Amino acid sequence: MSVTEVDVVLGDRSYRIRIGRDLLRQPARWRDAVRGRHVLVVTDSTVAPLYLARLEDGLDGFDHAVVTIPAGERHKTLAQTEQVFAALAGLGASRDATVIALGGGVVGDLAGFAAACWMRGIDFVQMPTTLLAMVDSSVGGKTGVNLPAGKNLIGAFHQPRSVIIDTDTLDTLPAREYRAGLAEVVKYGAISDAAFFGWLEQQADALVRREPAAVAEAIAVSCKSKADIVARDEREEGERALLNFGHTFGHALETEAGYGTLLHGEAVAIGMTLAASLSAHMGKSSHTDTDRLISLLKRLELPTVVPHDISPARLIQHMRLDKKNLSGKIRAVLWHGVGRAGVTIVEDEQLRSVLE
Ligand SMILES: NC(=O)c1ccc[n+]([C@@H]2O[C@H](COP(=O)([O-])OP(=O)(O)OC[C@H]3O[C@@H](n4cnc5c(N)ncnc54)[C@H](O)[C@@H]3O)[C@@H](O)[C@H]2O)c1
Ligand SMILES: O=C(O)C(=O)C[C@@H](O)[C@H](O)[C@H](O)COP(=O)(O)O
Ligand SMILES: [Zn+2]
């Protein structure tokens, strides 16, 4: 069975992303990533009954325990992180212990954050089971949890030791969650890879039908794209901020709608549409490019308009806590046309012009 490997090179360190079918059932393909005697698996209440046994079968020889958090964005909280700390304490986990995140982006972000904090940092391994986690959240080391005031406001940069992508786990992923993952795939084409954007336009129907070859290619290209950007700017001091395209609006939408009401990928799809419209309004890209983006997102069955009951003023209020802001100024990723983007200070008036 073939495995695609992508390396994330960070100066003199690196880690490997392995992408393949049925990897969970082949411990020989991932056990080398797990060090120490103690292993804590963090998963959620939907993923555990589906895939935990496959993983646990490969953990013989380790002292392991499992924390199962309730599924969904509402539970990406400090309170759930405390459950992970309690389990690490119960396991007697020392500095050479490993946390394994088995699940979507919620589990990966929360478990990674717990690993970043436990004894000031222990190893963790990402085993993503949603498309979104496979193409984005499992790679790059952004970890954290939400506060009622905003998305991912508490967190740390903490790179995984390895990322194991078993694409067979997508078989059980609901259609809405799958489509949400496609939004982040579109993001890579939009910000940095015009050829990939063109490929997505050609393959949109195959992707909606989840044709395995198209899905595998989308995952591999996305991982490579993210790995390249993170290698050049691990801590978001420059170029990495482009990975936030659509997120200034998107995070505000998720927070205002109530966590889990709009999925992260859905909010990012609407956010990319708004950012593209704002960019065209500011003369940084063309309306033709915006139409191209909206048309692709629609073909991928993603939302592109703000739900009618959401207030522009409240969205702008949430944007004041965006992590890209400096000295009280809202900074957003604007689009410079297919394959190009940049970060720009935006005024309330300009934000209102696309939101109202
Ligand atoms: N760290 C990063 O760089 C980064 C990047 C993008 C997104 N994120 C974060 O990721 C989160 C979104 O991740 P997500 O979309 O994976 O959401 P999620 O983790 O909530 O998973 C979505 C739903 O699918 C279920 N699920 C997971 N795998 C399944 C499977 N194989 N079969 C059936 N059901 C399955 C989960 O239980 C959950 O109900 C957000 O919190 C977002 O902020 C982080
Ligand atoms: O990896 C990054 O960098 C990203 O911005 C990827 C985003 O898709 C992701 O949603 C990330 O969690 C957003 O980070 P934040 O710093 O805006 O909270
Ligand atoms: Zn995102």
Side-chain angles (χ1 to χ4, degrees), residues 24 42-51 54 68-77 101-113 126-147 150-160 165-188 191 222 225-227 229-230 233-237 239-248 250-252 254-255 259-260 262-269 271-272 319 321-325 331-333:
L24 284 179
V42 182
T43 185
D44 76 25
S45 53
T46 300
V47 174
L50 294 168
Y51 301 111
R54 287 185 203 183
T68 304
I69 65 170
E73 188 73 37
R74 277 191 312 122
H75 302 287
K76 194 173 126 176
T77 59
L102 176 72
V106 166
V107 164
D109 280 13
L110 185 152
F113 177 54
Q126 291 271 20
M127 296 194 175
T129 62
T130 63
L131 180 64
L132 186 139
M134 292 177 189
V135 300
D136 193 351
S137 63
S138 64
V139 177
K142 270 192 184 177
T143 71
V145 294
N146 304 325
L147 288 183
K151 285 273 305 175
N152 307 334
L153 286 180
I154 310 293
F157 286 99
H158 186 57
Q159 298 292 342
I165 301 181
D166 179 342
T167 55
D168 279 11
T169 59
L170 292 177
D171 291 351
T172 53
L173 190 68
R176 185 176 168 202
E177 300 290 351
Y178 170 78
R179 292 193 298 261
L182 290 175
E184 302 275 23
V185 174
V186 169
K187 178 184 77 179
Y188 297 113
I191 61 169
S222 299
S225 207
K226 182 154 187 184
I229 292 174
V230 171
D233 177 20
E234 183 181 355
R235 290 188 167 242
E236 204 175 0
E237 284 154 345
E239 180 187 0
R240 182 167 183 169
L242 303 185
L243 293 170
N244 234 250
F245 180 49
H247 286 64
T248 305
H251 279 168
E254 278 185 88
T255 308
Y259 295 133
L262 269 177
L263 301 181
H264 177 73
E266 293 171 340
V268 168
M272 289 193 292
M319 290 181 210
L321 278 182
D322 190 281
K323 287 166 234 75
K324 297 181 297 305
N325 297 351
R331 292 165 77 242
V333 181

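Computation of the quantities below employed the complete heavy-atom set of this structure, encompassing side-chain atoms and omitting hydrogens, waters and symmetry-equivalent molecules. Just so it is clear, the model here is predicted, and its values are computed rather than measured. Atoms within a ligand are numbered from 1 in the order they appear, just like the ligands themselves.
Remark: side-chain polar atoms of Tyr188 are paired, donor with acceptor, to backbone N or O of Val135 under 3.5 angstrom. A donor-acceptor contact shorter than 3.5 Å links the side chain of Asn146 to the backbone of Asn152. When atom types are taken as modelled, the side chain of Lys226 and the backbone of Val139 share a donor-acceptor pair closer than 3.5 angstrom.
By the 4.5 Å heavy-atom criterion applied to side chains, Leu24 and Leu102 are counted as neighbours. Between Val333 and His247, every side-chain heavy-atom pair lies at or beyond the 4.5 Å cut-off. When side chains are defined from C-beta on, Leu132 does not count as touching Glu177, because their heavy atoms never get closer than 4.5 Å.
Residue Thr68 comes nearest to Ala48 through the heavy atom pair CG2-CB, 4.1 Å, listed as atom of the first residue, atom of the second, then distance. Contact between Gln159 and Val230 at its shortest, heavy atoms only, is NE2-CG1, 4.1 Å.
Around the Zn ion (ligand 3), the protein atoms of type N, O or S that sit closer than 2.8 Å are Glu184 OE2, His247 NE2, His264 NE2.
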Provide, line by line, the atom pairs where ligand 1 and the protein bring an N/O atom each to a distance under 3.5 Å; else say none.
unit_1   : atom_1 : unit_2 : atom_2 : d
ligand 1 : 1 (N)  : Asp109 : OD1    : 2.9
ligand 1 : 1 (N)  : Lys142 : O      : 2.8
ligand 1 : 3 (O)  : Lys226 : NZ     : 3.1
ligand 1 : 13 (O) : Gly105 : N      : 3.1
ligand 1 : 16 (O) : Gly105 : N      : 2.7
ligand 1 : 16 (O) : Thr130 : OG1    : 2.6
ligand 1 : 19 (O) : Gly105 : N      : 3.1
ligand 1 : 19 (O) : Val106 : N      : 3.0
ligand 1 : 28 (N) : Thr129 : O      : 3.3
ligand 1 : 28 (N) : Thr129 : OG1    : 2.7
ligand 1 : 31 (N) : Thr129 : O      : 2.9
ligand 1 : 31 (N) : Thr169 : O      : 2.8
ligand 1 : 31 (N) : Thr172 : OG1    : 3.4
ligand 1 : 32 (N) : Thr172 : O      : 3.4
ligand 1 : 32 (N) : Thr172 : OG1    : 2.7
ligand 1 : 37 (O) : Asp44  : OD1    : 3.1
ligand 1 : 37 (O) : Asp44  : OD2    : 2.7
ligand 1 : 41 (O) : Glu73  : OE1    : 2.8
ligand 1 : 41 (O) : Glu73  : OE2    : 2.9
ligand 1 : 41 (O) : Lys76  : NZ     : 2.8
ligand 1 : 41 (O) : Lys151 : NZ     : 3.2
ligand 1 : 43 (O) : Lys76  : NZ     : 3.2
ligand 1 : 43 (O) : Lys151 : NZ     : 2.7

Could you go through ligand 2 and list every pair where one of its N or O atoms sits under 3.5 Å from a protein N or O, giving the atom names and the distance to one decimal?
unit_1   : atom_1 : unit_2 : atom_2 : d
ligand 2 : 1 (O)  : Lys226 : NZ     : 2.7
ligand 2 : 1 (O)  : Arg240 : NH2    : 2.8
ligand 2 : 3 (O)  : Lys142 : NZ     : 3.0
ligand 2 : 3 (O)  : Arg240 : NE     : 2.7
ligand 2 : 3 (O)  : Arg240 : NH2    : 3.4
ligand 2 : 5 (O)  : Lys142 : NZ     : 3.2
ligand 2 : 5 (O)  : Asn244 : ND2    : 2.9
ligand 2 : 8 (O)  : Asp136 : OD2    : 2.7
ligand 2 : 8 (O)  : Glu184 : OE1    : 3.3
ligand 2 : 8 (O)  : Glu184 : OE2    : 3.1
ligand 2 : 8 (O)  : Lys187 : NZ     : 3.0
ligand 2 : 8 (O)  : His247 : NE2    : 2.9
ligand 2 : 10 (O) : His247 : NE2    : 3.1
ligand 2 : 10 (O) : His264 : NE2    : 3.0
ligand 2 : 12 (O) : Asn152 : ND2    : 3.4
ligand 2 : 14 (O) : Lys142 : NZ     : 3.2
ligand 2 : 16 (O) : Lys142 : NZ     : 2.8
ligand 2 : 17 (O) : Asn244 : OD1    : 3.4
ligand 2 : 17 (O) : Asn244 : ND2    : 3.0
ligand 2 : 18 (O) : Asn152 : ND2    : 2.9
ligand 2 : 18 (O) : Lys323 : NZ     : 2.6

side-chain contact (heavy atoms from CB on, under 4.5 Å) between Val47 and Val107, intermediate numbers included: CA-CA 10 Å; Val47 174; Val107 164; over 6 Å; no
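With respect to Tyr51, the side-chain hydrogen bond (donor to acceptor under 3.5 Å, both in side chains) criterion is satisfied by exactly one of Thr129, Thr172, Asp166, Thr169: Thr172.
Evaluation of the side-chain contact (heavy atoms from CB on, under 4.5 Å) rule for His75 yields Pro70, Gln80 as partners, not counting sequence neighbours.
A salt bridge does not link Lys323 to Glu236: none of the charged nitrogens lies less than 4.0 Å from a carboxylate oxygen. Residues Glu266 and Arg176 are paired through a salt bridge, judged by an N-O separation under 4.0 Å between the basic side chain and the carboxylate.
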